[in-house]
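Inspection log for the structure reproduced underneath, given as structure tokens.
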Amino acid sequence: MLAVLLLPGALRAFLPALVARSALAMGGLALLLAVQASTGSYSQAGFATATFGIANVAAAPWRARAVDRLGQRIALTAMAAGQASGFVALALIAGAEGVADAWFLVLSAVVGLTAPPLGAAMRMIWASLTTAGDQRTKAFSIDAVCEELLFVGGPVVITAVIVATSPATGLWVTAATVFLGTAAMTSSASSGALRGTGGGVARGDRPLQQPGFARVLTVLVGVGGVLGVAEIAAPAVAAQRDAVAASGWLLAAFAGGSALGGFLYGQLKLTSGIGARLFTLCTGMGLAAVLVSQLHPLGLFAVGLALVGLFLAPSLITGYLIADTVVPESGRTEASTWINTSVNLGASLASAAAGVVIDRSGGWFALLLMGAIALALATAAPFARLREMERPAAPAPDRCQNG
């Protein structure tokens, strides 16, 4: 799987892209701690973090369309500059006195609205460097594994920076990371070659106009739902066992399972269609969540969470492969972003509902309920449509033989 990193131009774009993408893994926590330290209120910090997240998800399709239209170098650099400026402004007011709380919300919205779609952009670069099939699957797999590892290490790194210095410094570091990483990525030849369409994407080329694509997103909402519940249920279960310190280990087991799943997925030579793979993986994740809901000893619960996570990265990778297959090239950055958006939407909705369910019935029941919902949503997978898209075109008839 690592062989794809040796493709010409791959590492030159991929390494700085990872640096830039780490800003998303660090930014939410840096924002939370900076606003809390400045206002003295976790409620205000929570509102700021929520504003950042909502703005990020809401604007994602439009940012992706801008990249498809203007090309990576122009669009991503402008977005990174905007987000870095927002983080810097937050750092400046975090150390000032008498700043109205509303400014934290406004600037949180700015850093969410301008977040560059670096993951989707990097997958476009992988698509331009690889051939369809096993090679592209390996590239998307290593990309997904590294992204999972970023979300394991990013919060640890930014916490260490903040503890050693200040929350405002954490925001400065995040700003530098997203801007310098993006600038280095977009200055690569492989990124610069993706110049965009130069105009609006034709209406018929937009992802949501493609038959079956909305059904794929529906399936992935279930995947996101399991993710969102797992992230809330793990600390709740640990607290119920009087082992709050184990919360981080439970979440690490979940993330580690996802990273392992992505690695294994990239190693396999799969012959089944991508529709069948999507259904199998999402069904597996739902069944695993149901199984984990029956595991009450904390050690077994951790193992179960790793099993649930095992299906997460492969489900996302399959979603990206479907986007690459179903959507015309002019709309693929937007399509890849929609894959992430559907998972994030499912996670957000499930997280909001999980708190209520957990308060009434416990974390185990929340996983059982969400696992059942994910199983139901998996049936929306558009098998026939995806088989038709994957089927190679029939060769043109030989005119000479036909007379």
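Keep in mind it's a predicted model, so treat the numbers as computed, not measured.
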Testing the basics here: between [X] and [Y], what is the closest heavy-atom pair and its distance to 0.1 Å?
| X | Y | answer |
| --- | --- | --- |
| G82 | V110 | O-CG1, 4.2 Å |
| A30 | I162 | CA-CD1, 4.0 Å |
| V229 | A350 | CG2-CB, 3.7 Å |
| A132 | R136 | N-NH2, 3.6 Å |
| A259 | V145 | O-CG2, 3.3 Å |

Is it possible for you to check whether R65 lies under 6.0 Å from the centre of the six-membered ring of W62, through NZ or CZ, and within 45° of that ring's axis?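 Flagged: R65 positioned over aromatic ring of W62.
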Rounded to the nearest 0.5 Å, how far does [atom2] of [Y] lie from [atom1] of [X]?
| X | Y | atom1 | atom2 | result |
| --- | --- | --- | --- | --- |
| D68 | T333 | CG | OG1 | 3.5 Å |
| L105 | F52 | CG | CZ | 14.0 Å |
| S190 | M122 | OG | CE | 6.5 Å |
| T325 | Y320 | OG1 | OH | 14.5 Å |
| T77 | L70 | OG1 | CG | 11.0 Å |
| L349 | I373 | CG | CD1 | 10.5 Å |

Donor-acceptor contact present, side-chain [X] to main-chain [Y], <3.5 Å:
| X | Y | value |
| --- | --- | --- |
| T159 | P155 | yes |
| R12 | A184 | yes |
| T218 | A214 | yes |
| R21 | G181 | no |
| S22 | L150 | no |
| R215 | F383 | no |
| S336 | R332 | no |
| R73 | T186 | yes |
| R63 | P117 | no |
| W364 | Q294 | no |

What I want to check is whether the side chains of S191 and S188 have a donor and an acceptor closer together than 3.5 Å.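 Side-chain D/A pair, S191 to S188: absent.
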How about T39 and D101: does a side-chain donor come under 3.5 Å of a side-chain acceptor?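 Side chains of T39 and D101: no pair found under 3.5 Å.
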Any Lys/Arg nitrogen of R206 or E334 sitting under 4.0 Å from an Asp/Glu carboxylate oxygen of the other?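 Salt bridge between R206 and E334, a charged N being under 4.0 Å from a carboxylate O: no.
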Neighbour count >12 (heavy atoms, 6.0 Å) for atom [atom1], [X]:
| X | atom1 | result |
| --- | --- | --- |
| F47 | CZ | no |
| F179 | CZ | no |
| L180 | CG | yes |
| E231 | CD | yes |

So do the side chains of [X] and [Y] get within less than 4.5 Å of each other, counting heavy atoms only?
| X | Y | answer |
| --- | --- | --- |
| F104 | T51 | no |
| T182 | Q83 | no |
| L171 | V88 | no |
| L291 | V308 | no |

Residues S38, V99; criterion side-chain contact (heavy atoms from CB on, under 4.5 Å); working and verdict: CA-CA 9 Å; S38 182; V99 177; 5.9 Å; no
Dump the intermediate steps for side-chain contact (heavy atoms from CB on, under 4.5 Å) on T165 and W172, then the final yes or no. CA-CA 11 Å; T165 55; W172 279 100; over 6 Å; no
Do L113 and N56 pass the side-chain contact (heavy atoms from CB on, under 4.5 Å) test, and can you show the C-alpha distance, the side-chain angles, and the key distance before you say yes or no? CA-CA 5 Å; L113 290 170; N56 184 13; over 6 Å; no
Residue pair L31, T174: steps toward the side-chain contact (heavy atoms from CB on, under 4.5 Å) verdict: CA-CA 10 Å; L31 175 63; T174 305; over 6 Å; no
